[in-house]
Structures are given as structure tokens and as C-alpha cells.
Amino acid sequence: ETGVTQTPRHLVMGMTNKKSLKCEQHLGHNAMYWYKQSAKKPLELMFVYSLEERVENNSVPSRFSPECPNSSHLFLHLHTLQPEDSALYLCASSQQTSFTGELFFGEGSRLTVL
Amino acid sequence: EDKVVQSPLSLVVHEGDTVTLNCSYEVTNFRSLLWYKQEKKAPTFLFMLTSSGIEKKSGRLSSILDKKELFSILNITATQTGDSAVYLCAVDLNTDKLIFGTGTRLQVFP
């Protein structure tokens, strides 16, 4: 148990669907992240939020839309995705964005786009 | 382009063996190097290295950084089946970004 909870754990959606991934951290951290992990590829940073403000958008297509209503919750809204977007989406948190320690990851949401 | 390269991509050993995992990097602005273990889904933190030549140790795991040659190694002695996992190396770029390698998949058989 890392203190970062992600739901749903598995999601299957069609290319025309709209769905959302949710992440909640119980660690009192100020920074939250979305990472994408595809088979045989490095973890790719998607978005970084610090104190609910987006500080990094790593050239992610607009079909992925993040939302951070407070420092404990992070969402990733998905719409009109492509099959190549199928991957494990990992949420993480840290004390602050200027790393002085480690990231704490959630268990991930396994997304399959049909 | 910043990059982190891990080798080998996969490794199969028997319990009791010692393994060495490698991580090399080419980045513009290095702050620290981190190792994570990913057993099923959530990567968990192992070590953070910032200075060359200083070994970090936790039980049977140890790691060291060489900032001159731009690499780090992760050693696991007397491996156990519970060490089976993907080991991820990441470099902190001092720009609120971690760049990850593709990982080394370690399988330990009884």
C-alpha cells in the first residue's frame, strides 16, 4: 500500500467513448503526476501538477485532459482515444515537484481501447 | 535528447545467484538517479543516488553511481524468488521531470 489509490484498475473502452481515470493520494503530498507505461517502452511523463496547478504538459494529445481539483485528487479524462493509447496509466505523487525524494506510485489503471 | 538506457533487458537466474543491473544515461541537467522495483503494477522506490562513489545499501540490494562515466549499477546478492520484478532506473533532470529507462526484467527461479 503506497498511499496512492487509482480507479478503475481496468478499463475497456471504444474509440468514441468518454471515460475518466481517478487518482487519490493520502500522503499529504503537494505534487501529482500521470505517467503512461506501454509495453517495451519507458515510463512516459504526461502531466505534472503542483498545488493543483499544471506545471508540465509533456506534448500529450488533447484527447487526454487532466484535472486536479485539489492536492489530493487527480483525474485523467479520456475521449476519442486510439487503440495505440492502450497502456497502463500510473498516477504518482511526491512531496513537491523539485524532487528531494521518491515518487509514490499507484497500482495503475490498465486501459484497453478497442 | 535526454535518455536512460538499461541493460540487460531481461535476466533469468537461479536462487542464490548474484546479479548486476546496469543503467547509463545521457542528460543535459543531472540532479539524481533513482532505482525502482516494479513487481506487478506500482513501482516502489529503492534508492536515490546523487554523489559518485558512495554506495547505498539495503539488505541484499546495493547501488552505486559514477557521474564521470554516467552510469549506475544495482547489485542483488543471494537472489530470492521474491526479487523477480522489473527494475526501473530514472534520472531526475532538475526540471521537475524524471526520465525512465525501459527497465530490466529479472526472473529468479528456485
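Side chains included, hydrogens not; waters and symmetry mates left out as well; all remaining heavy atoms used. Naming convention: chains lettered A, B, ... in sequence-line order (proteins, then strands); numbering from 1 in each chain.
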Open item on the list: Looking at every heavy atom in both B/A42 and A/G106, which two are closest together, and how far apart are they?
Closed with: CB-O, 3.0 Å
TODO: Would you mind checking which part of B/Q6 comes under 4.5 Å of any heavy atom in chain A, side chain (CB onward), backbone (N, CA, C, O), both or neither?
DONE: neither
TODO: Please check if atom NZ in B/K57 has more than 12 non-hydrogen atoms from other residues, nucleotides or ligands closer than 6.0 Å.
DONE: yes
Open item on the list: At under 4.5 Å between heavy atoms, what parts of residues 80-89 of chain A are in contact with chain B? List them by residue number.
Closed with: A/L88
Open item on the list: If you define the side chain from C-beta out and look only at heavy atoms, does anything of B/L98 sit under 4.5 Å from A/Y33?
Closed with: no
Task: Residue B/I99 versus chain A: region with a heavy atom under 4.5 Å - done: neither
Open item on the list: For B/R105, give me all partners under salt bridge (Lys or Arg N to Asp or Glu O under 4.0 Å), at least two apart in sequence or on another chain.
Closed with: none
Open item on the list: Show the nearest heavy-atom pair for residues B/Q38 and A/L90, with the distance to one decimal.
Closed with: NE2-CD1, 4.2 Å
TODO: Using a cut-off of 6.0 Å, state whether more than 12 heavy atoms not belonging to B/E55 lie near its atom CD.
DONE: yes
Open item on the list: Are B/V86 and A/Q37 packed together at the side-chain level, in the sense that at least one heavy-atom pair is separated by less than 4.5 angstrom?
Closed with: no
Task: Residues in residues 7-20 of chain B that sit under 4.5 Å from chain A, counting heavy atoms only - done: none
Open item on the list: Working to the nearest 0.5 angstrom, can you tell me the gap between A/F104 CZ and B/F45 CZ?
Closed with: 8.5 Å
Task: Pairing residues for B/E39 by the salt bridge (Lys or Arg N to Asp or Glu O under 4.0 Å) criterion, not counting sequence neighbours - done: B/K37
Task: Side-chain donor/acceptor of B/Y36 to backbone N/O of A/E102, under 3.5 Å - done: no
